Structure formats: C-alpha cells, structure tokens
Amino acid sequence: MKRITIAIDGYSSCGKSTMAKDLAREIGYVYVDSGAMYRAVTLYALEHGLIAPDGTIDEERLRAAMPDIVISFQFNPERGRPDTYLNGVCVEDRIRTLEVSNRVSPIATLGVVREEMVRQQQRMGQEGGIIMDGRDIGTTVFPQAELKIFVTASAEVRAQRRYDELTAKGEACNMEDILRNVEERDYIDTHRDISPLRQADDALVLDNSHMTIPEQKQWLLREFERVVNGGKSGMSGDSKISGLSGTLK
Ligand code: DC
C-alpha cells in the first residue's frame with residue numbers, strides 16, 4: 001500500500017499531536033512534532049543567553065549558532081511517542097515548560113530558524129509514510145501532502161487543556177496567564193511574515209472543541225482510509241467537521 005504524507009496544522013494546544021501520534025501508531029507511520037523543533041531551538045537560545053530578559057533575541061548569534069543546533073527524535077516506547085533530542089540530549093520535558101512556551105513564537109518567526117527547520121523536516125519526509133504536525137506543514141513543508149487536516153478549537157478550551165497538562169506535571173501556573181499565552185501565540189502564529197498559520201486550500205477543517213480524543217481518532221482514521229483507498233482528500237477546503245455534528249459514525 002502506498003505510504004502517503006499527512007500534514008496536520010492548527011492552533012496551539014488543540015490536540016494535534018495527540019491525534020497525530022495516535023494515528024501514527026495505529027498505521028505504522030513516523031510521527032514528527034515540528035513544534036518541538038522550534039521549542040528545542042528556543043531552549044538552546046535561552047540556555048546560551050541569546051534571549052535577553054526583555055525578550056530581545058540576539059539574531060546574529062542565533063544565526064551563527066544554527067549549524068550547531070541538531071534536532072532529532074527517538075521513539076520512547078513508554079510514552080508511545082518520540083522524544084525530542086537537542087544535540088544528542090533528551091530535552092522532551094525541558095521544551096514543554098511555560099518559559100519555553102512564552103518565548104517560542106518570536107523564535108519561530110525568524111527566517112533563519114524557519115529555513116533550517118523546514119529543510120530538516122522535508123528531509124525527514126522524503127520517503128513518505130510520515131505524519132507531521134505544526135503550523136505550515138500543509139502549506140510550506142509538504143504542499144503535496146495527500147491528506148491535510150486543519151485543526152481548531154476555542155481559545156478557552158485550548159487554555160484549559162494546557163492548564164490540565166501543566167498541573168498534571170506539577171508545574172505552577174494559572175489560567176489567566178495560560179489563556180493570555182494561547183491568545184498571544186495565536187496572534188503571532190497567524191500574523192508573521194514567513195509561513196503564517198493558515199488553512200491550506202485543500203485541507204479538511206476539524207473543530208474539536210467538543211470532541212473526545214477517541215472520536216477524533218476515529219474521524220482521522222476514516223479520512224486516512226478514504227485517501228489511501230483512492231478517494232480524494234475529500235471535501236472542499238471550507239468543509240467543516242465540527243464537534244458532534246453527526247458526521248462521526
Ligand atoms: O505546536 P507547539 O505549540 O509546540 O509549537 C510551538 C511554537 O512553534 C508555536 O509558537 C508555533 C511554532 N511553530 C511554527 O511556527 N511552525 C510549525 N510548523 C510548528 C510550530
């Protein structure tokens with residue numbers, strides 16, 4: 001069976017990576033969390049003093065450091081998904097802190113960072129059989145992807161999900177800060193000059209505000225099967241699958 005390319009884009013904290021990694025496990029594809037790559041660059045920049053306390057980025061030094069930033073993934077059977085490695089060291093936990101979340105969007109706007117990440121991502125997807133999630137996967141990284149999904153959910157629902165995730169890990173946080181962070185990141189992600197977050201014309205839209213994880217999984221699997229069985233990526237770009245609209249069987 002042909003091994004296709006699946007691009008899943010959408011806003012932060014809308015459950016893209018949960019969907020993507022579950023499908024990858026089910027169908028035996030490689031899963032790549034492209035946001036983790038921008039987070040790893042941010043962690044590197046923080047740890048090397050390239051981000052001042054007021055948020056100013058030392059772009060010249062970051063540009064010079066880019067060849068020294070090598071990001072890779074290694075499957076972790078305990079978590080059932082790949083861990084992120086920065087220069088050979090596992091940074092999976094350290095890239096998920098609020099400090100990195102607060103600093104990552106401006107890093108991800110920089111051309112020098114994006115060019116290098118997109119190059120690495122395209123190399124990872126050369127053979128097909130890959131599911132990558134992010135912001136520009138269906139538009140810039142793999143515009144030829146056979147299946148493209150654009151995921152969305154309300155900012156409040158996404159902030160609550162992030163809050164639950166951080167508190168489960170024992171990290172101190174409050175809802176107001178998180179909601180502000182989600183909204184700020186939405187703004188930066190959709191307004192940046194290079195590869196802003198936007199729905200590809202041929203993407204299916206999934207609003208999962210009121211969907212459970214198993215429901216999303218079932219929906220995605222069905223779309224995958226439809227595409228590999230010769231169907232088109234389906235409905236037109238403005239088709240919407242929203243919550244429990246009766247489209248789930
Ligand atoms: O998905 P995430 O929240 O882990 O992404 C972290 C940041 O990286 C977020 O601000 C958007 C950015 N990003 C991006 O610009 N392009 C991608 N393909 C993936 C993430």
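These numbers were taken from a predicted model, which means no experiment stands behind them. Start at 1 and go down the list; that is how both ligands and their atoms are numbered. All residue numbers refer to positions in the sequence shown, counting from 1.
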Which protein non-hydrogen atom lies closest to [atom], naming both residue and atom, and how far is it?
atom: atom 4 (O) of ligand 1; answer: R39 NE, 2.7 Å
atom: atom 12 (C) of ligand 1; answer: A108 CB, 3.8 Å
atom: atom 8 (O) of ligand 1; answer: Y38 CB, 3.6 Å
atom: atom 16 (N) of ligand 1; answer: R114 NH2, 3.0 Å
atom: atom 3 (O) of ligand 1; answer: R185 NH1, 2.9 Å
atom: atom 20 (C) of ligand 1; answer: G35 CA, 3.5 Å
atom: atom 10 (O) of ligand 1; answer: S105 OG, 2.8 Å
atom: atom 19 (C) of ligand 1; answer: S34 OG, 3.3 Å

Practice prompt. Answer yes or no: does an N/O atom from D136 fall short of 3.5 Å to an N/O atom of ligand 1?
Written response: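 So ligand 1 has an N or O lying under 3.5 Å from an N or O of D136.
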Practice prompt. With heavy atoms under 4.0 Å as the rule, classify the contact between D189 and ligand 1 as side chain, backbone, both or neither.
Written response: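 D189 to ligand 1: side-chain contact only, backbone stays beyond 4.0 Å.
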Taking atom types as modelled, find out whether [X] and [Y] have a side-chain donor-acceptor pair closer than 3.5 angstrom.
X: Y31; Y: D133; result: yes
X: N102; Y: N181; result: yes
X: Q120; Y: E116; result: yes
X: S105; Y: R185; result: no

Item to complete: For R161, check salt bridge (Lys or Arg N to Asp or Glu O under 4.0 Å) against everything at least two apart and list the hits.
Response: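 Partners of R161 by the salt bridge (Lys or Arg N to Asp or Glu O under 4.0 Å) criterion come out as none, since no residue qualifies.
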Item to complete: Just jot down the salt bridge (Lys or Arg N to Asp or Glu O under 4.0 Å) partners of D83, sequence neighbours excluded, or say none.
Response: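 In terms of salt bridge (Lys or Arg N to Asp or Glu O under 4.0 Å), with neighbours along the sequence ignored, D83 is linked to R79.
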Worksheet entry | Verdict with reasoning, M19 to V151, per side-chain contact (heavy atoms from CB on, under 4.5 Å) | CA-CA 10 Å; M19 290 172 72; V151 193; 4.2 Å; yes
Item to complete: Using the ring of F75 (Phe, Tyr or Trp, six-membered ring only), decide whether R81 places NZ or CZ under 6.0 Å from its centre and within 45 degrees of its axis.
Response: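 No, R81 and F75 do not form such a contact.
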Discussion item. Can you check which of R135, R103, R192 brings a heavy atom nearest to atom 15 (O) of ligand 1?
Written reply: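 It is R192 that holds the nearest heavy atom.
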